[in-house]
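One structure below.
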Amino acid sequence: MKYLCCVYLKPDAYKHLSASEMEKLNRDSVAYDKNLAMKGHYIASSALQPPSTAKTIRHSAGKPVVTDGPFAETKEVLGGFILVEARDMEEAIRIAENIPVAQFGTIEVRPELKID
């Protein structure tokens with residue numbers, strides 16, 4: 001079964017990291033993805049640019065309306081994701097617990113909803 005591990009971070013979560021610490025975090029993240037791939041868990045992952053680069057689309061009176069930024073004001077923002085294959089929720093949680101950036105924020109693990 002597929003599980004989406006959403007990485008939520010405070011917008012300034014990395015501001016205290018030096019350039020070398022950020023490079024190490026990036027290396028660790030790529031290495032973790034490769035490790036998951038070797039074990040058959042990895043499907044896809046990506047870090048996201050800051051919320052200030054986002055656009056939100058809503059429908060009003062049957063027409064799309066595009067606005068700048070994220071949909072809601074929150075303390076944490078979606079910083080990235082890893083889509084994994086896991087036997088069950090417990091295994092998906094174990095995978096998410098070891099995501100390197102988890103130390104800087106929150107990981108939400110959610111199973112895929114199959115729509116036939």
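Values below: all heavy atoms of this structure, side chains included; hydrogens, waters and symmetry mates excluded.
- Put simply, the side chain of Tyr32 reaches to within 4.5 Å of the side chain of Leu36, judged on heavy atoms.
- Here the NZ-OG distance, from Lys24 to Ser18, works out to 11.0 Å after rounding to the nearest 0.5 Å.
- In this structure, the side chains of Met38 and Lys34 stay at 4.5 Å or more apart for every pair of heavy atoms.
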Name each donor-acceptor pair under 3.5 Å that joins a side chain in residues 99-109 to protein atoms two or more places apart or in another chain, with its distance.
| residue | atom | partner | partner atom | Å |
| --- | --- | --- | --- | --- |
| Gln103 | NE2 | Pro100 | O | 3.1 |
| Thr106 | OG1 | Glu76 | OE1 | 3.2 |
| Thr106 | OG1 | Glu76 | OE2 | 3.2 |
| Glu108 | OE1 | Tyr8 | OH | 3.4 |
| Glu108 | OE2 | Arg110 | NE | 2.9 |
| Glu108 | OE2 | Arg110 | NH2 | 2.4 |

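- Note that the CZ atom of Phe81 and the SG atom of Cys5 stand 11.0 Å from one another [nearest 0.5 Å].
- The minimum heavy-atom distance between Cys6 and Leu78, with the atom names listed, is CB-CD1, 3.8 Å.
- Under the 4.5 Å side-chain contact rule for hydrophobic residues, Val7 and Leu17 share a cluster.
- Listed for the Glu85 side chain is a donor-acceptor partner under 3.5 Å among the backbone atoms of Met1.
- Separation of atoms NE2 (His16) and CE (Met22) is listed at 10.0 Å; rounding is to 0.5 Å.
- The side-chain heavy atoms of His41 and Glu91, taken from C-beta on, include a pair separated by under 4.5 Å.
- Clustering ILVMFWY residues whenever any of their side-chain heavy atoms sit less than 4.5 angstrom apart, transitively, puts Leu48 in a cluster other than the one holding Leu83.
- Under the 4.5 Å side-chain heavy-atom criterion for ILVMFWY residues, a single connected hydrophobic cluster contains both Ile43 and Leu4.
- In this structure, the separation between NZ on Lys55 and OG1 on Thr67 is 8.5 Å, given to the nearest 0.5 Å.
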Would you please test Val84 and Lys2 for side-chain contact (heavy atoms from CB on, under 4.5 Å) and show each step? CA-CA 6 Å; Val84 299; Lys2 294 177 187 166; over 6 Å; no
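- Looking only at side-chain heavy atoms (C-beta outward), His59 and Val65 stay at 4.5 Å or farther from each other.
- Transitive grouping of hydrophobic side chains (ILVMFWY, heavy atoms separated by less than 4.5 Å) brings Met89 and Tyr42 into a common cluster.
- Atoms CZ and CD1, from Arg87 and Ile95 in turn, are 8.5 Å apart once rounded to the nearest 0.5 Å.
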